[in-house]
Amino acid sequence: MRLLVVQPLGYKLDADKTFPFPKDLTMTETLAATYDPHQYEEKLYDFWMKHKLFRAVKDPSRKPYTILMPPPNVTSQLHMGHGTGYTMQDILVRWKRMSGYNALWLPGTDHAGIATQMMVEKSLEAEGKTRQELGREAFTQRLVEWKDKYGGLILKQFRSMGFSCDWDRLAYTMDPQLSSAVRRIFVDLYNDGLIYRGERLVNWDPVLKTAVSDDELDNQDIQGHLWHLVYPIEGLEEAITVATTRPETMFGDTAVAVNPDDERYKHLIGKQVRLPLVDRLIPIVADSYVKSEFGTGAVKITPAHDPNDFELGKRHDLPRINVMTDAATMNELVPARFRGLARFVARKEVVKAFKELGLLAKEEPYKTTVPISERSKEIIEPRLSKQWYVDMRKLAEPAIAAAKGGQLRFHPDLWKKTYLHWLENIQDWCISRQLWWGHRIPIWYCGACQGTSTGMTDPTTCSHCGSKDLRQDEDVLDTWFSSWLWPVSPFGWPDQRDDLDYFYPTDVLVTAPEIIFLWVARMVMVGLKTRGEVPFRDVFLTPTVCDKQGRKFSKTLGNGIDPLQVIAKYGTDAVRFTAVQLAPIGGRTRMSPEDFEAGGRFINKLWNASRFLLGYIKPGESIVPLDPEATGLPGQWLLNELAEATDRIEKALNTYRINDAADHVYHLIWGSFCDWGLESAKTALAGSDERTKASTISMLVYVLDGILRLASPIMPFVTEEIWQKLPRHPDWDRPVSLTVAEFPKSSKLKRFPAAAEKWSTVQSLVSEIRSVRSQSGIAPKLPLKAFVRCSSELANLFDGAATDICRLASLAELTSGPDTKRPGQSLAAVGRGFEAFIPAEGIIDIGKEQTRLKAEVSRVGKILNGIEAKLANPNFTDRAPAEVLEQTRAQRDNMRFQLESLQKNLETLA
RNA sequence: GCGAGUAUAGCUCAGUUGGUUAGAGCGCUGCCUUCACACGGCAGAGGUCCUCAGUUCGAAUCUGAGUACUCGCACCA
C-alpha cells in the first residue's frame, strides 16, 4: 500500500515508512512509561534554536505578526505572575507562527534605573561604602558589572519556559541604538517646547535621594495624630489654633490660612502671627481652600513641604522655606535644638516644645494616608526642587482619540476606562531622577548666559551665547523615558526604517494592568508621535496572580511561586498548561504550587496515549491512507470531535480566551481521544480484521497528529517529542519541527454529524448500563447479558456496535429490538429512546434495587411535573418561541418514557 | 469621597444574545490493578447560583437596592 494522501486538514500525512528523525535531534525509539520532561526539554529547545525557528526577518511576501515582550527589569527574577503573562504571549506567537504568519516575539530587558541602583547601593552598603565616596564613574562601572553578573538570569528562565522569542533581536534599553532613540525623542520634544524645567514640589525619596513620579508611589494608611498648635497673634491678647499632622514642618510656615467666610476668624484676617520656637511673623490669609468644619478651621501653610500649601502659597505670593535636607533631616534653618534631627524625631520634639510652652491645645488620634516610595518603601517627603518635565497634554490627545476611535482596543474592555481616565487628567511628567544609573539628561547649562543647550551630539558651545563654559546636567532620565520607546527603538528608530516599516504597528500587547499608565499609555503616545499610528491594535491585560489567600505575589511576602521550582517538579509543559488554564480573562486568579500537579498528570496522559498508539506501528512500517468510512462510527465520531474541538480552540484563541483554548485541548485529549477514542478503538485493534485494524490506526494517527498541532502552542515540548515519532513520508515538504507545522483550520476539517450522533447514542447506552451495574454493586467485570428494547432503527445501530458495547460495558451478550421482553428480576437502565434490561437474578439485592428505583422515580417525576406545569401554562405555550416549545415537549416525552419504564420495572421487582 | 470589578460545588474557575435536569478540573466516596497510563479506569455524592425586591410565560443571566471582598483615582490641616 503506497498511496500518497492529501489529508482534509490541508497538510499531508502518511507514511510509507517512518520518517528518519532529524539527525541533530537524537530521538529515543520508544516512549518510556512515564514522561520525564527533563530528558527532552533542553534538547528540544536547542533543536529549535539550531534551526532558527523563532527567527523573524523582514519578508514582504509574508504577513508579520508581532508581539513586543514587556521588558523585565534586567536584574529581576521570574515569578508565576510573569510566567502566566509571558506564556500567553508565547501561545499567541506560536499559534500565529503555525498559522503561516511571520511571527516575531521581540525580547528585551530594561535597565530599571531606581531598582537596579538600589540593589547596587545596598551591596555597597554591606562593604561600608557609599556611591558618593566611590564617585560617579566607578559607581556606574559597578552597576555595569552587577548587570553583567546578575542580569539576564531572567532570560535563561525564559528559555526554560520554552519561550519562542527571536533571541537575535534581544534589545536592552541601554544599548547604543536604543540610547540614541532616547536622545532623539528628548531633543524632538525639547525643540517642540514640550520639555521644560520647573521648580515645584516633587515626591522626594529621602533614602534614594531622588525625585520619583506619582505613579511610583504606594499609599499606606497609618494611625497618626492631629495636633492642635496655638499660634499667638501679634498685638492682640488672642491666639489662633491650627491643626496639623506634621508639626515638624512648622519651621517652614509662612502663613496661617482661614476660610474668608469663617465668622470666628474674620477679624483676624490680615493680622500677623508670631510663630512659636522661631519667633517669626507670618500673616493670616483668607483662602476658600480652607474648610471651616475641619480641625480648627485654621491651617498652617508650609509651601515648601506640602503640595496644597504650595499652591495656596502661589496664590498669596508666600515665601517658601525648605527646612529639611535631602535625607529628610532638619536643616540649618531650624533652631539649634532641632537641627540635624530626623523628621519624625523632630516631630516629637516639636510637640514636646509646644507642650512646654503651654501651646499644645489638643492631641487626638487621627487616621491618615502617607505616600510610600515603591522602591525604597520610605515615606515620601514633598521637596521643593528643580526638575525636568514633559508637557503631556498635547501628547495625550491623540492617544485618547485612538482609544475612543477604536484603533486601540482593550481586552477586557473595562481597562479602557482606566486608560482614558488617566489620560484625560494627565499631569506633566517629571522625567529627571537624581540617580547615576540611566540615560544622562542631554542638557548643557551655560556658565556665561545660564542658557540651556541640547542636541543629538554633545554641544561644545552654548547655543545661545556661544560660550564654551558648558556643564551637563547631573541627573538621569526616568527609566520609563526609555521604555516608552519600546515599539520603535528596537526596530532601529530613528536611524533605520526597514524593520520598522515592516513590523510596525505590532499586533497585540500583553501586559499587566498596573502598568497601563506607566508604560502602555506612554507607548501609545510615543508611537503616535513618531509614526502617526498606534503601536499595537490590541492590548490584552493579564490577570493578577495571587496566592490561595488572595494576596498578590510579592517579594516581601515571599508568597510567589517560582516557575523554575514547579518546572523542576512537573515539567515546563505542565506549568505552561496549568498557568494559562487557571488564568481567567479579567481580574485575578489564585494559584498554589500543587495546582501544577494536574498539568503534569495531563502531560503524562497524552504521553501514554501516544505510546499506546505508536506501539501498533513498527518503525519502517507503513500506514494506510485515512478512510473515515472504514473506521466506522467510533472513528467518524472521533474525527468529528477533532473538527469541533478545532473550531472551539480557534474561536478561543481569536478572542484571547487562552484559558478556554487550554480547556478544549484538555477535553479533546482526555475525554474524546483517550476515554472514548482509544477505548473504542481497542475493539478493532484487538480484532482479526486487518483492514479495519489498519484503518483504525491510520485514523488514530491522523487525529493524534491534529491534537499535537492544536496543543503545540500551549505545551510545545511533549507535543514535539511525540510528533517527531509519528509516521510520515520522507519525500514530502514537511517542516522539520511541529512548531512550524501548520495549525489546523476548522474550515478545512471534515465533519461527520450523522455518525457522531449515532455513536453518542451508543455511548449513552454504555454509560447507562455501567451506571446501573455500578450502583447495584455488581462486580465490574461480571459478564452479564443485556436486553435492549428500542426502535428497530436503534436496534440496528446497537447490533452493529454490539462488540463495542459489550467490551465497554463488560457484557457477554447484547440483544435488542422493539419486541424485547423484560426478563424478571432485572436491572433497568433507561435512556433517550431505549430501555436496557440486565437479568440479575440471584446477584442483586432486591431491596436495594427497589430503593434505587424509587429514588429515580421520584427524581424523574419531579422533573416531569415541572415540565408539565410549564406546558400547561398558556402564557408559556403562547409566548415561548416554537423552538423552545418543541424542545420542551420532546423533553416531556422523554421524561414520561423514563418514568413509565422505571415504574414498570419497580412493579416487576415487587 | 468618586469610579470599576468580583460574588456559582470544600477549592480554582466555566456558564456565549434570558429557554433542556446549572458544568469542568482538583478534592471527597465506592468499586476495579495481566492487557498505554494507579500521574490510571468506571460510577457516585456534593449547589438557597451573596441577600432582598422588580421586569418576564420563564432569571445564575436583565434592572434597582443592600452586603462582603478586591482594584484604581482623589482627598487627607
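Sequence lines set the chain letters: A, B, ... in the order given, protein chains first and strands last, and positions in each chain run from 1.
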Requested in this report: Write down the distance separating the C1' atoms in B/G40 and B/C26, rounded off to the nearest Å.
Outcome: 16 Å

Requested in this report: List in chain and number order the residues that pass salt bridge (Lys or Arg N to Asp or Glu O under 4.0 Å) with A/Asp804, two or more places apart in sequence or in another chain; answer none if no residue qualifies.
Outcome: none

Requested in this report: Could you give the distance separating B/U48 and B/A43 at their P atoms, to the nearest angstrom?
Outcome: 26 Å

Query raised in the report: Mind checking what makes ring pair (Phe, Tyr, Trp, His ring centres under 6.0 Å) contact with A/Tyr570, not counting sequence neighbours?
Result: none

Query raised in the report: What integer number of Å spans the C1' atoms of B/A36 and B/U70?
Result: 46 Å

**Report entry** B/G5 to B/A9 separation - C1' atoms, rounded to the nearest Å
**Finding:** 23 Å

Query - Whole-Å P distance, B/C42 and B/A60 - result: 32 Å

Report task. Look at atom NZ of A/Lys569 and say whether more than 12 heavy atoms of other residues, nucleotides or ligands are closer to it than 6.0 Å. Result -> no

Report task. Identify which nucleotide among B/C76, B/G40, B/A36 has an atom closest to any side-chain atom of A/Tyr366, counting heavy atoms from C-beta outward. Result -> B/C76

Query raised in the report: Rounded to the Å, how far apart are A/Asn608 CG and B/C35 C1'?
Result: 14 Å

Query raised in the report: Can you find a donor-acceptor N/O pair under 3.5 angstrom joining the side chain of A/Lys605 to the base of B/C37?
Result: yes

Query raised in the report: Who passes ring pair (Phe, Tyr, Trp, His ring centres under 6.0 Å) against A/His225, sequence neighbours left out?
Result: A/Trp227

Would you list the protein and nucleotides 15-19 of chain B atom pairs, both N or O, that sit under 3.5 Å from each other?
unit_1, atom_1, unit_2, atom_2, d
B/G15, OP1, A/Arg657, NH2, 2.8

Query - Sequence-distant partners of A/Phe897, ring pair (Phe, Tyr, Trp, His ring centres under 6.0 Å), two or more places apart - result: none

Query raised in the report: Between A/Gln775 and B/A43, is there a side-chain N or O to OP1/OP2 distance below 4.0 Å?
Result: no

Report task. With sequence neighbours left out, write down each residue that passes side-chain hydrogen bond (donor to acceptor under 3.5 Å, both in side chains) with A/Asp663, or none if nothing qualifies. Result -> A/Gln581

Report summary line: Residues at least two apart in sequence or cross-chain that pass side-chain hydrogen bond (donor to acceptor under 3.5 Å, both in side chains) with A/Arg347, listed by chain then number, are A/Glu248

Requested in this report: Return the set of residues passing side-chain hydrogen bond (donor to acceptor under 3.5 Å, both in side chains) with A/Thr254 (not counting sequence neighbours), or none when no residue passes.
Outcome: none

Query - Euclidean distance for C1', B/C75 against B/G19 (whole angstrom) - result: 49 Å

Query raised in the report: For RNA chain B, what string of dots and brackets results from 5' to 3' when Watson-Crick and G-U pairs need both distances under 3.5 Å, crossing pairs get [ ], and pairs with another strand get |?
Result: (((((((..((((.....[...)))).(((((.......))))).....(((((..]....))))))))))))....

Requested in this report: Report yes if a side-chain nitrogen or oxygen of A/Asn308 is closer than 4.0 Å to either non-bridging phosphate oxygen (OP1 or OP2) of B/C75; otherwise report no.
Outcome: no

Requested in this report: Kindly write out the residues that satisfy salt bridge (Lys or Arg N to Asp or Glu O under 4.0 Å) with A/Glu514, not counting sequence neighbours, or none if the list is empty.
Outcome: none

Requested in this report: Return the value, rounded to whole Å, for the distance between atom CG of A/Leu678 and atom C1' of B/G41.
Outcome: 13 Å

Query raised in the report: Using a cut-off of 4.0 Å between protein heavy atoms and nucleotide atoms, how would you tag nucleotides 3-13 of chain B 5' to 3' with B, S and -?
Result: -S------SSS

Requested in this report: Kindly indicate, with the supporting measurements, whether the criterion salt bridge (Lys or Arg N to Asp or Glu O under 4.0 Å) is fulfilled by A/Arg832 and A/Glu768.
Outcome: CA-CA 10 Å; A/Arg832 197 173 272 255; A/Glu768 290 293 345; over 6 Å; no

**Report entry** Residue list, salt bridge (Lys or Arg N to Asp or Glu O under 4.0 Å) with A/Lys651, at least two apart or on another chain
**Finding:** A/Asp647

Query raised in the report: Under 3.5 Å, is there a donor-acceptor pair between the side chain of A/Asp573 and the main chain of A/Val718?
Result: yes

**Report entry** C1' spacing across the pair B/C31 / B/C50, given as an integer number of angstrom
**Finding:** 38 Å

Query raised in the report: With respect to the phosphate group of B/C76, does any side-chain polar atom (N or O) of A/Tyr289 fall under 4.0 Å of OP1 or OP2?
Result: yes

Query raised in the report: Is any N or O donor-acceptor pair between the side chain of A/Ser774 and the base of B/C42 shorter than 3.5 Å?
Result: no

